[in-house]
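Remember, it's a predicted structure, so these values are computed and weren't measured experimentally.
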Amino acid sequence: MQIKVFYFNELRVCTYLLWDDTLECVIVDCGCENEHECARLQKFIANHNLKPVMLLSTHGHFDHNMSNAFITKTYNIKSYIHVGDKAYLAQTAEIAKGFGYNNVENPPAPDGYLEDGQIIRFGQSQLQVLHTPGHSKGSVCFYAEESNFVLTGDLLFQGCIGRTDLPGGDYDEIIDSLLNKIVPLPDKTVVYSGHGPATTVGEEKRANPFIVEKM
């Protein structure tokens, strides 16, 4: 599986494209702020002859879902999120406006809800859904065992973890999610976060103070 990361909007959300030799493509956390950023994403998809087949969200916060409406309409694809975060989507435009983003459209209602352990298949590839609450009640990660990476959204960053002071956040839950869902993955597993650079599970077990303290 191949992966491409884009850094979108002023909060520098990581939007990911995943595809394989079939050229079927999954878009994860589409945070395009404006027409220019949407055009960048579209240009890459067109230049690589990719065929988007679904839109996935690691969680419901507005910065990760700012262009869901545009993407689902443009490519006529379905979107999926964990049911624990469905309420956030209807508030996307209102919350975005509070941060100065005045042209954000509310995402459409999800076409389905992600569940822990669910296998998402596209092309010749698959992702396993890991329900990892703590940053929000419906936060999930997407684990690609064969390709040796995990998309963690705002659960885990290089040397840090996601905020737990927002509605639905819980420090004990986020630590439990890390210890039970991420730490058991192979050390060489590449961690692609919702913001910032990539890291590995092994590096975070060795140096992330929030994980080290609990291990």
Side-chain angles (χ1 to χ4, degrees), residues 3 5 7-9 11-16 18 26-31 54-68 78-92 95-96 99 106-107 109-120 127-145 149-185 189-201 204-205 208 210-211 214:
I3 185 166
V5 58
Y7 293 93
F8 287 141
N9 69 60
L11 297 175
R12 307 299 286 164
V13 164
C14 294
T15 293
Y16 294 99
L18 313 176
V26 168
I27 304 170
V28 181
D29 285 358
C30 203
M54 72 181 75
L55 173 63
L56 304 175
S57 295
T58 60
H59 62 294
H61 290 160
F62 84 94
D63 51 325
H64 292 255
N65 299 279
M66 292 172 70
S67 49
N68 284 21
K78 296 180 178 181
S79 63
Y80 300 89
I81 195 171
H82 190 276
V83 67
D85 274 15
K86 69 174 184 177
Y88 284 119
L89 296 184
Q91 304 170 2
T92 297
I95 296 174
F99 284 82
N106 276 338
D111 294 284
Y113 295 107
L114 304 169
E115 298 181 357
D116 188 49
Q118 178 181 350
I119 301 299
I120 298 171
L127 301 169
Q128 182 182 3
V129 177
L130 308 176
H131 182 214
T132 51
H135 179 63
S136 68
K137 293 299 182 184
S139 288
V140 300
C141 298
F142 300 109
Y143 177 46
E145 182 176 6
F149 69 81
V150 60
L151 306 182
T152 60
D154 287 0
L155 173 76
L156 175 65
F157 307 118
Q158 183 185 59
C160 196
I161 62 174
R163 295 177 60 173
T164 58
D165 59 333
L166 300 172
D170 186 290
Y171 181 78
D172 290 336
E173 278 192 337
I174 206 170
I175 294 299
D176 187 66
S177 292
L178 287 166
L179 294 181
N180 289 311
K181 297 293 181 67
I182 302 301
V183 166
L185 300 179
T189 305
V190 178
V191 174
Y192 292 109
S193 302
H195 303 266
T199 181
T200 65
V201 170
E204 297 312 299
K205 287 165 63 176
N208 189 310
F210 297 93
I211 296 176
K214 298 298 181 180

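- Outside the 6.0 Å centre-distance limit, the rings of Y88 and F62 are not counted as a close aromatic pair.
- The two residues V140 and H82 make their nearest non-hydrogen contact at CG1-CB, 3.9 Å.
- Between N65 and T92, the side chains place no donor N or O within less than 3.5 Å of an acceptor N or O (distance only, hydrogens not considered).
- Remark: the backbone N or O of D172 is not paired with any side-chain donor or acceptor of D176 at under 3.5 angstrom.
- Heavy-atom minimum distance, H131 versus D116: N-OD1, 2.9 Å.
- The side-chain contact (heavy atoms from CB on, under 4.5 Å) check on Y113 picks up I81, V83, K86, P110, with sequence neighbours excluded.
- Considering all non-hydrogen atoms of both residues, H61 and S136 come closest at NE2-CB, 4.2 Å.
- The main-chain N or O of P107 is never found under 3.5 Å from a side-chain atom of N68 such that the two would form a donor-acceptor pair.
- R12 and D63 are not joined by a salt bridge, as no carboxylate oxygen comes within less than 4.0 angstrom of a charged side-chain nitrogen.
- A donor-acceptor pair is defined here as one N or O able to donate and one able to accept, closer than 3.5 Å; no such pair exists between the side chain of H64 and the backbone of C30.
- Between the side chain of T189 and the backbone N or O of L185, no donor-acceptor pair lies under 3.5 Å.
- Of all the heavy atoms in C14 and S193, the pair that sits closest is CB-O, 3.4 Å.
- Side-chain atoms of T164 and D170 form no donor-acceptor pair, as typed in the model, at a separation below 3.5 Å.
- Listed here is the closest heavy atom pair of V13 and H195: CG2-CE1, 3.4 Å.
- Atoms CG and CG, on L155 and L178 in that order, are 4.5 Å from each other to the nearest 0.5 Å.
- Panel note: side chain Q128, backbone E145; no donor-acceptor pair is recorded below 3.5 Å.
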